[in-house]
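In what follows, a single structure is set out as structure tokens and then discussed.
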Amino acid sequence: MMRSGVDPAGGWDAHRLTLAFGIAAGLPACAAIAERGGAFSILLAMGLAVIWEAVFARIRRRPMAWDGLVSALIFALLVPAQTPFWQQGLALSFGLVMGDLIFGGRGRGFLSPACVGLAFLLFSFPQAGAEDLGLMTMIAALGGGAILLGLGLLSWRVVLGFCLPLLAGAALSGAPEAVAWMPNATLALGLIFLIGDPVAAASTNPGRWAYGGMAGALVMLFGSEGSALASVVFAGLLASLFAPLMDQAVVWWAWRRRRNRRGQHG
Amino acid sequence: MELRFRKGRDIAFGTAPRALPPVPCAVGAVAVMARDFPAVVWDPRVTQGQVVRQGQALCVDRLRPEIALVAAASGRVSGLHHGARRRLERIEIEAEGAEETEFDVKGATADPGSLRALLLKSGAWAAFRTRPFGRIPAPSDRPAAIFVTVTDSQPLAADPVAVLAPQVAAFQRGVAGLLHLTEGPVFLCQPPGPALMAAQGRLRVVQVAGAHPAGLAGTHIHHLWPVSVQKPVWQIGGQDVSALGQLLESGRIGARRVVSVAGPGVQAPRLVSVLLGARLTDLVDDAAGGKPLARQVISGSVLSGQSAPFLGRFDLQVTVLGGAAPAPSVWGRLLSCLPRLRTGATLPMERLEAAFPFDIPPAPLMRALAVGDVETAERLGCLDLLEEDLALLSWLCPSGCDYGALLRRVLDRLGQEAAA
């Protein structure tokens, strides 16, 4: 299509994707501000993201991208509220730069920058993260997730693959208190925006099932020990490190299938 | 046999023409264009100003001089256009008179050797495209299979079965001729409905249903007969087969094609019957019945076509953009204020899979093509594909990459390696 320079409506581009993710993440952000305040830290995080995006746009002589804003929004939503600002800033900068911008921007890396930043924070400054996100934020997060699902930007295979091990674990353990921590806003936000991020997730359909399943199993494993935030962040980080391997396995599998199919008629 | 595709996507882009029979449309000029035939260097056989008959050879392949492109109309050669490295790019003919070349068709229906010679001489050979690589087959090639495509799922395409209905006898004669060119099967791919020809022996009728790109030959070939360099297959369009049948009967080349003229830039979409390589402005001005507006005329579909002055050899539709655009919704108008940034990377979304009915994972293929990873692209099965098969992915991908052009680069590399 591009050869003829035509652009019939329906095609995505980088700005429209950013807008869609921004709206989806903006819903729980508004809910969280209404619930617990913290508008200032969100604005601060977004300001920092704009600075980093501008710096890299200047270094690379590229048009400015705005994806950092969405990453900063998600980071600021999930970060424990009592964390000092300098720690938040350091962690977010690490996440944006090392998780995204040094690869060339969104879509060229393989990790979710918010996830990298949060992992950095939890490693470097361990603290008891109180769960301070409420029911309203969770409902808004699910609404944002529904928007992304509807637009096809969040893979339903990842979501279902994530939920299956959790449901299976809950059914097998039989003890309701063992899984009582699960339905909370942190987990919903983490699933939709960290684990479900198409950049961090596997990029083939079988890979998406495996990736979602692995993330779910890891959350199950980590969740019984630590906080919900740490479990979802580290599960997401670990699963997205394995996602390229899962995709490669799918490629090998496709290759084998093709060889066999071609063998059928010599 | 039946092929039913759940994956794929039809793009709503206005109404396709339905009114049959097609309107015969006179054109002032026709042309043959080198861009329709990748990796061929053409040597002209005519000079500027020379008077040519319909069916006379205009140029031949430099490496395989048996392969000729012929004049679709009688007239005077009005232009030999050269491009980079002095390669012949286009030969234009001002149409005048009705002089026709009559080819000797004796024995061609019985003897495969003389059939090949006739096809090569009359320019009908250039209607075949090989998979892999999408080139004109070598004169001595024996394909593992031949695919006849009587389906078209491109946006605004005409219904190919309805177009073929008046010429069904010639079509059947053409298919019988094709059976002489291969020892393998001949697949006749058509939409669900009564078979155009009874399947028997090596002729197999396949009913294909589904959204675009279910109607493209690449989709059929990928599922029915995955190709390799050693076992190439040929593809040919239904109208080209009926032209071949006409040639076998009368000895005159069938140079007319029924073409859909549609798009937002024309008032009433319609079917016209024109000569191969017709000048598009003649066609569109005639169709619009008014003054030329500020519009873009594309030879081919909106997805995979190209802006060109003449109709491409394999294009059966003309898409006209511009004119009065339909009023967008409030949301659409707001979104259109946002500038388009088409330099981003791709985002592996599920809609790519949902629109790609091949047994190939699209995101890894797109990545392999984008970085020029020839080996992975080949393993994934890019030899089955041509540019048009990836047009939908290019349209869906947020990066603005033209995966068709990237695929062509990879195919040319693989073609060089295979030739070496």
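Lettering of chains follows the sequences in order, A, B, ..., and the numbering in each one begins at 1.
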Which bit of A/L19 is near chain B, if near means a heavy-atom gap under 4.5 Å: side chain, backbone, both or neither?
-> side chain

Using a cut-off of under 4.5 Å on heavy-atom pairs, state which of B/G300, B/A363, B/G404, B/G381 scores highest against chain A.
-> B/G381

Ranking A/L17, A/D67, A/D247 by heavy-atom pairs under 4.5 Å to chain B gives rank one to A/L17

Sort B/L380 into side chain, backbone, both or neither according to what part of it lies under 4.5 angstrom from a heavy atom of chain A.
-> both

Is any side-chain N of the basic residue among B/R409 and B/D412 closer than 4.0 Å to the acidic one's carboxylate O?
-> no

Using non-hydrogen atoms and a 4.5 Å limit, figure out which bit of A/R157 sits close to chain B: side chain, backbone, both or neither.
-> both

Partner chain A: residue of B/H222, B/Q230, B/R367 with the largest heavy-atom pair count (under 4.5 Å) | B/H222

Within 6.0 Å of CZ in A/R256, more than 12 heavy atoms from elsewhere | no

Around atom CH2 of A/W209, are there more than 12 heavy atoms of other residues, nucleotides or ligands at under 6.0 Å?
-> yes

Intermediate values then yes/no, side chain to side chain donor-acceptor pair (under 3.5 Å), A/N260 and A/R257 | CA-CA 5 Å; A/N260 294 342; A/R257 240 183 7 240; over 6 Å; no

Would you check, one step at a time, whether the test side chain to side chain donor-acceptor pair (under 3.5 Å) holds for B/Q306 with B/S299?
-> CA-CA 6 Å; B/Q306 288 191 19; B/S299 170; over 6 Å; no

Pick from A/G152, A/P198, A/P206: which one has the most heavy-atom pairs with chain B under 4.5 Å?
-> A/P198

Cation-pi, B/F356 ring and B/R351 (6.0 angstrom, 45 degrees) = no

